[in-house]
Amino acid sequence: MGVINKLRDKMGKVVVFAVGISILSFVAADLLGPNSAILGNQQQLVGEIKGQKITYPEFTNEINRLKTVFFVNNDRTPNSDENETIRQQAWASFLRNIGYGSVYDKLGVIVTDEEMVDMVQGENIHPAVRNAFTDPNTGIFDQARLIGYLQNLETLDPKFQRQWAEFEKSLKPERRMAKLTALMSKTVYATKYDLEREHIKNNAKASGSFLYVPYFSIPDSSIEVTNEVLEEVLEERKEEFKLKDNIFFDYVSFPIIPSAEDSAYYWEEMNSIASEFGEYDDDTSYIKMNSDLSSLPTFYAPNSIPAAISDTIAKMEAGQTYGPVEEASGLVIYKLISKGTDSTGQYVKASHILIQTEDRSETEAESLANSILSQARSGADFASLARQYSDGPSGPGGGDLGWFGKGQMVKEFEEASFSMEEPGVYPSVVKTQFGYHIIKVFEAKSEENFLIGSITRTISASDDTRDEVFRKADFFAGTSEDADDFAVKAAEQGLAILKARNVGKNDPSVNGIANVQQVIRWGFADGEPGDISKVFELEDQFMVCLLTAKLEEGYAEVDDIEERLKPYALKRLKAKDIIERLEQLPEQSDLQAMVDAFGNDAKLYTANGTAFNGYSLTGLGFDPAAVGYLFGLVDGNRTPVLEGENGVYILSLEKLEPAPAPDNLDPLKASFTSRYENYANAAISETIADDAEIKDNRYRFF
């Protein structure tokens, strides 16, 4: 017992000591860890603009504010795509407030309180306010109604108060940006020299001919691209191929497809809903409670009724449901809520058989049409006759035209169709500009419209189905140890290996797949080339990735971008080969003689009336340099052999037509100035972004 007591005593002290050490470690980690205030909270930084740090809480606060605005304006929460847009808007908000703010301050761009009032209730009403308080019937802005709205704002629904508060909050930055844009546009000025040059570019013409050998005349497979050539291309284009932070990865996808059991569950559920829907009085509420898609009861004219019920709607009674039916959006139940009339339009449902006169005489066409009419009036199946005889595009479908309203058909056809008081075959053939028609009306002219509600359920995979697909993906990820294993396992399981290239830190999608931020975060923050990822769960698939490259911002090496360099290298080597062959030909004064001597791959083209600002030549394609060379020649001269964008060519100038002296440069001045104002405005954002020294770490969080 004494030994046990001693152990208890000593162990108690050990436990106390261990607990004390744990607490100290926990506190130290909190104080000195990467998220601590002492060490700068680095892992909490979403980004930095002009030296100002943007923390995760600050950024998420802005996101939540924008989500609230979205909810107030749309009466629903944003979906995944809209959430991504909101995150982009939040970042743009910080860039605007910080990056642009310093520019506004330096330039003295301010918005006074008086201006704010003026935009809301003064002489210069903001367009959004003007539109909201303009009478749609008269087109007159009602300022008294606006003043009344503002005076009673505090008594209105909080939703409208929030909408107005957000609108007012946006006014100042919008106004400051407008002032900056206007200021920049005033820096653009068109000199007389600018306008004369523009006039010449628009009106000077050159005519000539050229020998052309396209690069595609040489198969890629016949060219050996060496590393030396790739190095040369990269050296010349290193700025063009300058890298941003990028990752490259291969991936396999495991689509999450609803099983037969999943589908059966939804069919059973929708059959139950269909019964309730027919008995429910508050259709709008019932639709909101049960439909995956936002849709309210809508009035339909006969020619716009959903296809699934277009043939049965006339026989349905108010309150009756139809379906469920399977459509692209999922399973749909329709309910005819009520029938009414619309005196503004009339509609007819008809089919027709068209006998054209293009391949037969008028007499033959009319005779055949009357023969078919006789069969139709005698009770022959109209759809069969249409499929057998009709020359119109509706023939294979039995001649069915569905419902159509007045003004949708040519006059003669419309008059005949709308003259029928009862369903049946029109008593005579109808001649129009298209030929002879036999018409059968299935529903005589109607002014009815239909109030229809619909409930849609998207068939989605159950948890069991998702779990089964996940197990397959997890087994693949767990048993693939390296790149070779990744490829072998994919081949064994019949999985296609897809490639994602040049993926940036904040790309919103990869190969059309949205919401892949978790994949990007793994690639940049955790993965190294050769690593195989865990299973990533996306909305409609699971993904397993193999990180193949991770590139940091800077100048690229050939190995980094070999596939991107290869087309340029192929072009260079093909050009060298073609130029050598052309230069070995005996000297010829005639381009046609050179074409004949070169062989079938060479062609001779003419370039008549080519404009300087056209930037292309017929046959040669887009090649601004070639156009410049042509205008730089003297009549009768020709260029040496030149390497172009799409092939090798020799140009010969036959005639140069100088631009006529301008009568009035003022119209040109307006278009020139407008174009360069747009350039100046576009350059503002780029310049401010470059100056802001942006550090963007959003990929770590979103």
Side-chain angles (χ1 to χ4, degrees), residues 45-55 58-59 62-63 66 84-112 115 119 126-127 169-191 193-195 197-198 201 236-246 502-508 524 551-556 561 613 615 624 669-700 702:
L45 290 181
V46 174
E48 189 174 318
I49 300 174
K50 290 192 76 67
Q52 182 171 330
K53 293 176 172 55
I54 303 165
T55 65
E58 289 173 329
F59 194 70
E62 179 64 11
I63 289 174
L66 292 172
E84 174 57 29
T85 300
I86 286 172
R87 285 192 288 268
Q88 297 291 345
Q89 290 172 343
W91 181 253
S93 176
F94 280 100
L95 179 60
R96 182 175 62 247
N97 293 337
I98 301 171
Y100 282 78
S102 62
V103 175
Y104 295 143
D105 294 340
K106 288 179 182 178
L107 296 176
V109 178
I110 63 172
V111 178
T112 65
E115 284 181 272
M119 285 189 287
H126 189 281
K169 187 175 180 179
S170 70
L171 280 178
K172 182 171 286 189
E174 180 185 320
R175 181 66 170 170
R176 292 182 91 181
M177 174 60 85
K179 286 189 171 186
L180 179 61
T181 301
L183 179 63
M184 292 302 298
S185 67
K186 299 305 179 185
T187 66
V188 177
Y189 180 76
T191 67
Y193 176 73
D194 291 329
L195 298 178
R197 279 174 55 85
E198 189 79 0
K201 286 165 60 177
E236 293 174 4
R237 296 175 172 267
K238 65 179 183 179
E239 292 297 332
E240 178 182 343
F241 288 108
K242 192 172 181 180
L243 297 173
K244 296 182 178 179
D245 290 333
N246 277 325
N502 299 302
V503 178
K505 288 181 176 178
N506 295 301
D507 286 356
F524 279 102
L551 307 179
E552 294 183 358
E553 185 173 359
Y555 291 106
I561 55 169
N613 63 354
Y615 308 124
K669 182 177 181 179
S671 63
F672 181 94
T673 304
S674 175
R675 184 166 74 251
Y676 281 93
E677 281 179 356
N678 291 334
Y679 292 160
N681 293 335
I684 294 174
S685 296
E686 184 177 345
T687 303
I688 291 176
D690 289 342
D691 182 61
E693 299 177 347
I694 295 170
K695 296 177 182 178
D696 189 347
N697 300 324
R698 283 178 290 161
Y699 74 96
R700 295 178 181 172
F702 305 100

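Fair warning: this is a prediction, and the values are worked out from it, not measured in the lab. Sequential numbering from 1 along the given sequence is applied to the chain's residues.
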#### Entry: Thr673 to Ala190 - nearest heavy-atom pair and separation
OG1-CB, 4.0 Å

#### Entry: Side-chain heavy-atom pair Thr55, Val46 within 4.5 angstrom cut-off
no

### Message
Considering only residues two or more places apart or on different chains, which pairs with a residue in residues 180-191 satisfy salt bridge (charged side-chain N to carboxylate O under 4.0 Å, His left out)?
### Response
none

### Message
Does atom CZ (Arg197) have a neighbourhood of more than 12 heavy atoms from anything else shown, all under 6.0 Å?
### Response
no

#### Entry: Euclidean distance, Asn502 CG relative to Asp245 CG, rounded to 0.5 Å
12.0 Å

### Set of residues satisfying side-chain contact (heavy atoms from CB on, under 4.5 Å) with respect to Val103, sequence neighbours excluded
Leu107, Leu180, Ile688

### Summary
Applying ring pair (Phe, Tyr, Trp, His ring centres under 6.0 Å) to Tyr699 and not counting sequence neighbours gives Phe524

### Task
Taking salt bridge (Lys or Arg N to Asp or Glu O under 4.0 Å) as the test, write out the residues that go with Glu84, two or more places apart.
Arg87

### Heavy-atom side-chain proximity of Leu243 to Ile561 below 4.5 angstrom
yes

### Counterpart residues, salt bridge (Lys or Arg N to Asp or Glu O under 4.0 Å), relative to Arg96 (two or more places apart)
none

### Task
Can you establish whether the number of heavy atoms outside Glu239 located under 6.0 Å from its atom CD is more than 12?
yes

### Message
Checking Gln89 now: which residues fulfil side-chain contact (heavy atoms from CB on, under 4.5 Å) with it, not counting sequence neighbours?
### Response
Leu66, Thr85, Ile86

### Query
Side chain of Thr181, backbone of Met177: donor and acceptor closer than 3.5 Å?
yes

### Query
Would a distance-only check, ignoring hydrogens and angles, find a side-chain to backbone donor-acceptor pair under 3.5 Å from Glu115 to Thr112?
yes

### Results of ring pair (Phe, Tyr, Trp, His ring centres under 6.0 Å) for Phe672 - residues two or more places apart only
Tyr676

### Query
Partners of Lys201 by side-chain contact (heavy atoms from CB on, under 4.5 Å), sequence neighbours excluded?
Glu198, Phe612, Asn613, Tyr615

### Message
Asp507: which residues meet the salt bridge (Lys or Arg N to Asp or Glu O under 4.0 Å) condition with it, sequence neighbours left out?
### Response
none

### With sequence neighbours excluded, residues passing salt bridge (Lys or Arg N to Asp or Glu O under 4.0 Å) with Lys669
none

### Task
To the nearest 0.5 Å, tell me how far Asp696 CG sits from Trp91 CH2.
4.0 Å

### Summary
Between Tyr104 and Arg176 the two heavy atoms that sit nearest each other are CB-NH2, 2.9 Å

### Query
Distance from Ile63 atom CD1 to Gln88 atom CD, nearest 0.5 Å?
10.0 Å

### Query
Atom CE in Met184, atom CD in Glu677: separation rounded to 0.5 Å?
11.0 Å

### Task
Starting at CD of Glu693, measure out to CD of Glu48 and round the result to the nearest 0.5 Å.
8.5 Å

#### Entry: Contacts of type side-chain contact (heavy atoms from CB on, under 4.5 Å), residue Lys50, not counting sequence neighbours
Ile98, Ser102, Asp691, Ala692

### Task
Using modelled atom types only, decide if a donor and an acceptor are shared between the side chain of Lys179 and the backbone of Ile110 within a distance under 3.5 Å.
yes

## Note on the structure
Value for NZ (Lys53) from CG (Asn697), rounded to nearest 0.5 Å, stands at 11.0 Å

#### Entry: Partner residues of Thr187 under the side-chain hydrogen bond (donor to acceptor under 3.5 Å, both in side chains) criterion, sequence neighbours left out
none

### Query
Would you say the side-chain atoms of Ser674 pair up with the backbone N or O of Ser671, donor to acceptor, closer than 3.5 Å?
no

### Task
Would you check if Leu171 and His126 make a side-chain contact, meaning some heavy-atom pair closer than 4.5 Å?
yes

